[in-house]
Amino acid sequence: MRDLFDGEAEPPVVTMAAGAVLLRGFARPYEAELLAALRDVLAISPFRHMTTPGGHVMSVAMTNCGAAGWLTDRSGYRYDGIDPKTASPWPAMPDCFAALARAAAEAAGHGGFQPDACLINRYIPGARLSLHQDRNERDVAHPIISVSLGLPATFLFGGARRYDRPRRFALEHCDIAAWGGPSRLHFHGVAELKDGEHDMLGRQRINLTFRKAL
DNA sequence: TAGTCTCA
DNA sequence: CACG
């Protein structure tokens with residue numbers, strides 16, 4: 001008796017922690033739709049480098065779609081329905097974004113997920129996201145779904161306390177990380193992006209992070 | 001409350 | 001030099 005994924009092949013589902021999994025290649029069937037929808041979103045609310053409350057400009061460029069968008073500036077971290085750059089609502093969440101997030105959450109054991117916020121992060125080589133918790137959402141009972149596109153990256157997934165040493169996971173184009181339940185508030189981040197060239201996206205990595213913020 | 005920051 |  002041999003299963004499909006023995007030998008050299010890697011399993012499609014990797015456990016990172018209790019309630020946290022990596023779904024390898026899960027977004028592949030949505031790839032073309034996702035990229036087309038992303039272009040439309042960026043035409044309305046383009047990427048910009050936000051400033052942290054401490055006054056540092058983030059190396060990762062961000063934008064959002066959906067009813068709520070995550071922001072940081074001198075006055076703090078928060079969700080807002082209005083893009084401060086355009087003074088208009090964030091673009092609507094494309095149907096294929098919501099459908100993918102829902103399917104991934106289901107596959108990860110978090111059924112009934114209905115995201116109202118999608119934070120879109122662009123990493124160019126050298127960009128990173130230091131260890132942090134996602135804790136600006138009203139109800140932390142909802143999971144976080146994170147879709148990787150473009151250049152590969154190293155995901156750092158730690159524990160409930162900042163000083164819990166993070167484990168490192170390779171994230172590739174169309175991989176999805178999903179966490180909730182006991183690991184919902186775990187510290188996580190992305191190591192400095194190494195240089196490279198992706199066939200479809202060039203010298204960048206784009207991450208879609210779905211949340212139910214409201 | 002500080003905080004997804006930087007540097008040693 | 002890369003990494004933690």
Exercise. Please report, rounded to the nearest Å, how far the P atom of C:dG4 is from the CG atom of A:Asp164.
Key: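 After rounding, the reported distance stands at 17 Å.
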Self-check item: DNA chain B contacts made by residues 129-146 of chain A, counting heavy atoms under 4.0 Å
Solution: A:Leu129, A:Ser130, A:His132, A:Arg135, A:Asn136
Quiz item: More 5' along DNA chain B: A:Val57 or A:Gly76, using each one's nearest nucleotide?
Solution: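 That would be A:Gly76.
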Quiz item: Which residue, A:Thr63, A:Val41, A:Ile120, A:Ile82, forms the side-chain contact (heavy atoms from CB on, under 4.5 Å) with A:Trp90?
Solution: A:Thr63
Practice problem: Let me know which of A:Gln204, A:His173, A:His198 forms a side-chain contact (heavy atoms from CB on, under 4.5 Å) with A:Leu149. | Solution: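 Option passing the side-chain contact (heavy atoms from CB on, under 4.5 Å) with A:Leu149: A:His173.
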Quiz item: Could you go step by step and tell me if A:Phe169 and A:Trp179 meet the ring-ring contact (aromatic ring centres under 6.0 Å, His included) rule?
Solution: CA-CA 14 Å; A:Phe169 298 91; A:Trp179 61 100; over 10 Å; no
Quiz prompt | Sub-4.5 Å side-chain heavy-atom contact between A:Leu151 and A:Leu201 | solution =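 Not touching, per the 4.5 Å side-chain cut-off.
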Under 4.0 angstrom, heavy atoms only, what part of the nucleic acid is [X] near: base, sugar-phosphate, or nothing?
X: A:Arg168; answer: sugar-phosphate
X: A:Arg74; answer: nothing
X: A:Arg128; answer: base

Quiz item: Does a donor on one side chain and an acceptor on the other come within less than 3.5 Å for A:Arg205 and A:Ser148?
Solution: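 Yes, because at least one side-chain N or O of A:Arg205 sits under 3.5 Å from a partner of the opposite role on A:Ser148.
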Practice problem: Check whether the side chains of A:Asn207 and A:Ser146 place a donor and an acceptor atom closer than 3.5 Å, and report yes or no. | Solution: yes
Quiz item: Under a criterion of less than 4.0 angstrom to any heavy atom of chain A, what are the 5'-terminal and 3'-terminal contacting nucleotides of DNA chain B?
Solution: B:dT1 to B:dT6
Exercise. Would you confirm whether A:His132, through its side chain, and A:Ser130, through its main-chain N or O, come within 3.5 Å as a donor-acceptor pair?
Key: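 Yes.
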Quiz item: After noting the C-alpha distance and the side-chain angles of A:Arg48 and A:Asp83, does the key distance pass the salt bridge (Lys or Arg N to Asp or Glu O under 4.0 Å) rule?
Solution: CA-CA 11 Å; A:Arg48 80 295 305 266; A:Asp83 176 353; 2.8 Å; yes
